[in-house]
S.K.: 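Below: one structure in structure tokens.
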Amino acid sequence: MSDLSLLRSPLRFLQSRIPEIPLRELLATEEDWWKDEGVAISGDIDRGGTPWLRMFDRDGKRVDEILYPREYQTILLRGYRAGVIWRALGEKSLIPTYSLMHVISFHDPGVCCPYTVSLGTAVPLAKYGSGELQGRFLAQLLRKDDSVWQGATWMTEVKGGSDLGTAVETVARRAGDSWRLTGEKYFTSNAGAELAVVAARPEGAAAGVRGVALFLVPRSRENGELNYFVRRLKDKIATRSVPTGEVELKDSEGYLLGSADAGIYMILEVLNLSRVANSVVSVALAQRAMADALSYAERRSAFGKKIVEHPLLRRQFEERMKGLRAALALAWESVRLLNEVWMERPPYSERYQLFRLVAHLAKYWTAEFAVDTAKWAMEVHGGLGVLAEHGAERWLREAMILAIWEGTSHRQILDGIEVMERKRAHKLLFGLLEEHALSKEVEDLEAEVERHLRLPVEEREALAEPLFRRLAIFTAETLSRGMK
Ligand SMILES: Cc1cc2nc3c(=O)[nH]c(=O)nc-3n(C[C@H](O)[C@H](O)[C@H](O)COP(=O)(O)OP(=O)(O)OC[C@H]3O[C@@H](n4cnc5c(N)ncnc54)[C@H](O)[C@@H]3O)c2cc1C
């Protein structure tokens, strides 16, 4: 029988599976603070709604300021101070970042969005920014106090986020040493951030993804005026504390990161940082939904005993606990691999290709697991589960966003199939898993993948999901077995 009480503490659950987790004292302090204070703030903000956009100041000057409830700053800045960004580059490891994210997102998944996009700004700046750009901007993103700057990662335009090669129409024109960007971004989380990394097409660049480059765009121009404009904020079902808006770039000052023709690689590197974060947050959210379901099931009685004591429900908790351990194993394998390869530049190593496959499997499966678990946790609450005051419905709203942004499940499946076809990444994956799986199982699945990759394109795509799901579950369960 599983120790279900582990569900109640993100740190204890992490430690039970990953004994080497660092910064225990810090993580314990953060967890205690969230329990005592953060949870109430987070709940109020979710009920209260999205931040406001104040477009003009008292004198009628355009300021595009995002106004937050004051308490939001308390929870947001706390994570920055604890080191969710500065530790990554200061300690040259992503483990502290993603450990903090697990603990924080157990209580509030939304607040990990600003952290993720700030990381997605700091890392490409540190890797690809010129010495001058780093000197101007990097230290602000790594500050350890409340004056820290935030980042943002804006790729999606109104024509869509999946097919960036077609949809990115923002144009960048050279202006001396820098560039001027003009266009509109349609889904801009952390609107109002001091710095953003933005996908744009240099004038005259090739069509398709190869013609898209990555630019650093500050909120203020060199002369102090606004450099980008927030047209409106979106009213979303979840991550309601995060200002997700639409941004207009009008001759905005921008600075090219790396070389223009390697833009798509950098964009994918940024996305990979977020996909791994998304996987960690999905697992923490599933854990939280289960913890709430457990508390309720221990209070509620039916047919003469607590509902948790009924065999069917007890069995469901057991099975889901197994699923949660497997989801954690898969998410953390993507963390570990990313931690090995995050400073690589193209052309990438074989290890990087293995990471890509594991990251697609993890983003896909952990988000699906989170949605399914949040739905189940609502059902455990019965009719009360649909009432906002019981809190369970929030996890389903939050989980739905995790399955969509950073590339939908469709995207993960198709890109996962592509990395197997073009880079033979499944060979590397099966090599990783063989120690903890029966060789017959590995051989059978490998043969199935090979058969699938030989199918004509139409069929290969149409039939991809059941195979990819099986591969994700097999990988997760095998890795989980290896953790014992
Ligand atoms: C709350 C929120 C915040 C966001 N913040 C940001 C942000 O800060 N920066 C940013 O750049 N983006 C952001 N996004 C956008 C997000 O990344 C996109 O929503 C996502 O990539 C999907 O793009 P789309 O919504 O345009 O859907 P589309 O690309 O229009 O796709 C529509 C549907 O078609 C499916 N589809 C597309 N192609 C295929 C195919 N070949 N085969 C099968 N199915 C396919 C998709 O999977 C999807 O289900 C945010 C989104 C949300 C919901």
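Just so you know, ligand 1 is whichever comes first in the structure, and atom 1 is the first atom listed for that ligand. Hydrogens, waters and symmetry mates are skipped; everything else that's a heavy atom, side chains included, is used.
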S.K.: With backbone taken as N, CA, C and O and side chain as the heavy atoms from C-beta onward, which portion of K185 lies under 4.0 Å from ligand 1: side chain, backbone, both, or neither?
M.R.: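 It is neither; nothing of K185 touches ligand 1.
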S.K.: Any N or O on T244 sitting closer than 3.5 Å to an N or O of ligand 1?
M.R.: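 By distance alone, the answer is no.
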S.K.: If you measure every N or O of T239 against every N or O of ligand 1, does any of those distances drop under 3.5 Å?
M.R.: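 There is no such contact.
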S.K.: Quick check on atom 31 (O) of ligand 1 - does any protein heavy atom sit closer than 4.0 Å to it?
M.R.: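 Looking at atom 31 (O) of ligand 1, one finds that a protein heavy atom does lie closer than 4.0 Å.
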S.K.: Tell me: protein heavy atom nearest atom 4 (C) of ligand 1, and distance?
M.R.: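 Looking only at protein heavy atoms, the one closest to atom 4 (C) of ligand 1 is S189 OG, 3.5 Å.
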S.K.: Under the salt bridge (Lys or Arg N to Asp or Glu O under 4.0 Å) rule, what do R351 and E340 come out as? Steps first, then yes or no, please.
M.R.: CA-CA 8 Å; R351 198 80 179 150; E340 285 178 32; 2.7 Å; yes
S.K.: Could you list which atoms of ligand 1 come closer than 4.0 Å to a heavy atom of G160?
M.R.: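 Answer for ligand 1: 26 (O).
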S.K.: Starting from atom 14 (N) of ligand 1, find the nearest protein heavy-atom neighbour and note its residue, name and distance.
M.R.: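 Result for atom 14 (N) of ligand 1: F187 CB, 3.3 Å.
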S.K.: For Y72, give me all partners under ring-ring contact (aromatic ring centres under 6.0 Å, His included), at least two apart in sequence or on another chain.
M.R.: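 Partners of Y72 under the ring-ring contact (aromatic ring centres under 6.0 Å, His included) test: Y68.
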S.K.: Taking the six-membered ring for Trp, are Y228 and W154 parallel (under 30°), tilted (30 to 60°) or perpendicular (over 60°)?
M.R.: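 Taking W154 first and then Y228, their aromatic rings stand perpendicular (interplane angle over 60°).
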S.K.: Could you check whether atom 8 (O) of ligand 1 has a protein contact, counting only heavy atoms that fall below 4.0 angstrom?
M.R.: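 Under 4.0 Å from atom 8 (O) of ligand 1, at least one protein heavy atom found.
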S.K.: Counting non-hydrogen protein atoms only, what is the nearest one to atom 24 (P) of ligand 1? Give residue, atom name and distance.
M.R.: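 For atom 24 (P) of ligand 1, the nearest protein heavy atom is G161 N, 3.6 Å.
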S.K.: Report yes or no: is the cationic atom of K144 (NZ for Lys, CZ for Arg) closer than 6.0 Å to the six-membered ring centre of W86, at no more than 45° off its axis?
M.R.: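 The answer is yes; both the distance and angle limits are met.
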S.K.: For atom 15 (C) of ligand 1, which protein heavy atom lies nearest, and how many Å away is it?
M.R.: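 In this structure, atom 15 (C) of ligand 1 has T156 OG1, 3.4 Å as its nearest protein heavy atom.
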S.K.: Ignoring hydrogens, just give me the one of H410, K236, R411, Q412 whose non-hydrogen atom is nearest atom 46 (C) of ligand 1.
M.R.: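 Nearest option to atom 46 (C) of ligand 1, by heavy atoms: H410.
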S.K.: For the residue pair Y352 and F355, categorise the inter-ring angle as parallel (less than 30°), tilted (30 to 60°) or perpendicular (more than 60°).
M.R.: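 Aromatic pair Y352/F355 classed perpendicular.
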S.K.: With a 4.0 Å cut-off on N to O distance, would you call D57 and R62 a salt bridge?
M.R.: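 R62 and D57: not salt-bridged.
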S.K.: I404 versus ligand 1: do any nitrogen or oxygen atoms come within less than 3.5 Å of each other?
M.R.: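 Among all N and O atoms of I404, none is under 3.5 Å from an N or O of ligand 1.
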S.K.: At under 4.0 Å between heavy atoms, is it the side chain or the backbone of N190 that contacts ligand 1, or both, or neither?
M.R.: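 Neither; no heavy atom under 4.0 Å.
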S.K.: State whether the shortest distance between N or O atoms of T153 and N or O atoms of ligand 1 falls below 3.5 angstrom.
M.R.: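 Yes.
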S.K.: Taking N or O atoms only and a 3.5 Å limit, does D163 qualify as a polar contact for ligand 1?
M.R.: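 No, there is no polar N/O contact under 3.5 Å.
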S.K.: Hey, is ligand 1 close enough to I401 that some N/O pair sits below 3.5 Å?
M.R.: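 Min N/O separation from ligand 1 is not below 3.5 Å for I401.
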S.K.: So if I apply the side chain to side chain contact (heavy atoms under 4.5 Å, CB included) rule between T239 and each of I401, D108, D46, which one comes out positive?
M.R.: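 Going through I401, D108, D46 one by one, the side chain to side chain contact (heavy atoms under 4.5 Å, CB included) with T239 is satisfied by I401 alone.
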S.K.: Do the charged groups of E448 and R451 touch, with an N to O distance under 4.0 Å?
M.R.: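 No, E448 and R451 are not salt-bridged.
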S.K.: Hey, what do you get for CG (L471) to NE2 (H452), rounding to the nearest 0.5 Å?
M.R.: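 Result: 10.5 Å between the selected atoms.
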S.K.: Suppose I only count heavy atoms of M155 and a 4.0 Å limit; which atoms of ligand 1 are within that range?
M.R.: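 Going through ligand 1 atom by atom, the ones under 4.0 Å from M155 are 10 (C), 11 (O).
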S.K.: Hey, are E350 and R424 close enough for a salt bridge, meaning a charged N less than 4.0 Å from a carboxylate O?
M.R.: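 No, no charged N to carboxylate O under 4.0 Å.
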S.K.: Specify whether Y255 and F137 have parallel, tilted or perpendicular ring planes, treating 30° as the upper limit for parallel and 60° as the lower limit for perpendicular.
M.R.: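 Plane angle between 30° and 60°, so tilted.
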S.K.: What are the atoms of ligand 1, with element, lying closer than 4.0 Å to any heavy atom of T188?
M.R.: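 Matching atoms, with element in brackets: 8 (O).
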S.K.: Taking distance alone, with N or O pairs closer than 3.5 Å, would you say L414 contacts ligand 1?
M.R.: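 There is no such contact.
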S.K.: If we count only non-hydrogen protein atoms and require a distance under 4.0 Å, does atom 2 (C) of ligand 1 qualify as touching the protein?
M.R.: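 For atom 2 (C) of ligand 1 the answer is yes, since some protein heavy atom falls inside 4.0 Å.
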S.K.: Before signing off on this row, confirm whether S162 and ligand 1 have an N or O atom pair separated by under 3.5 Å.
M.R.: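 N/O-N/O distance under 3.5 Å: yes.
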S.K.: Between E461 and ligand 1, does any nitrogen or oxygen pair lie at a separation below 3.5 Å?
M.R.: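 No, no N or O pair falls under 3.5 Å.
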S.K.: Closer than 4.0 angstrom, basic N to acidic O: yes or no for E203 and R174?
M.R.: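 Salt bridge: no.
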S.K.: Consider side chain to side chain contact (heavy atoms under 4.5 Å, CB included). Of M420, R411, R275, E418, which one does H360 pass it with?
M.R.: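 Single side chain to side chain contact (heavy atoms under 4.5 Å, CB included) partner of H360 among M420, R411, R275, E418: R275.
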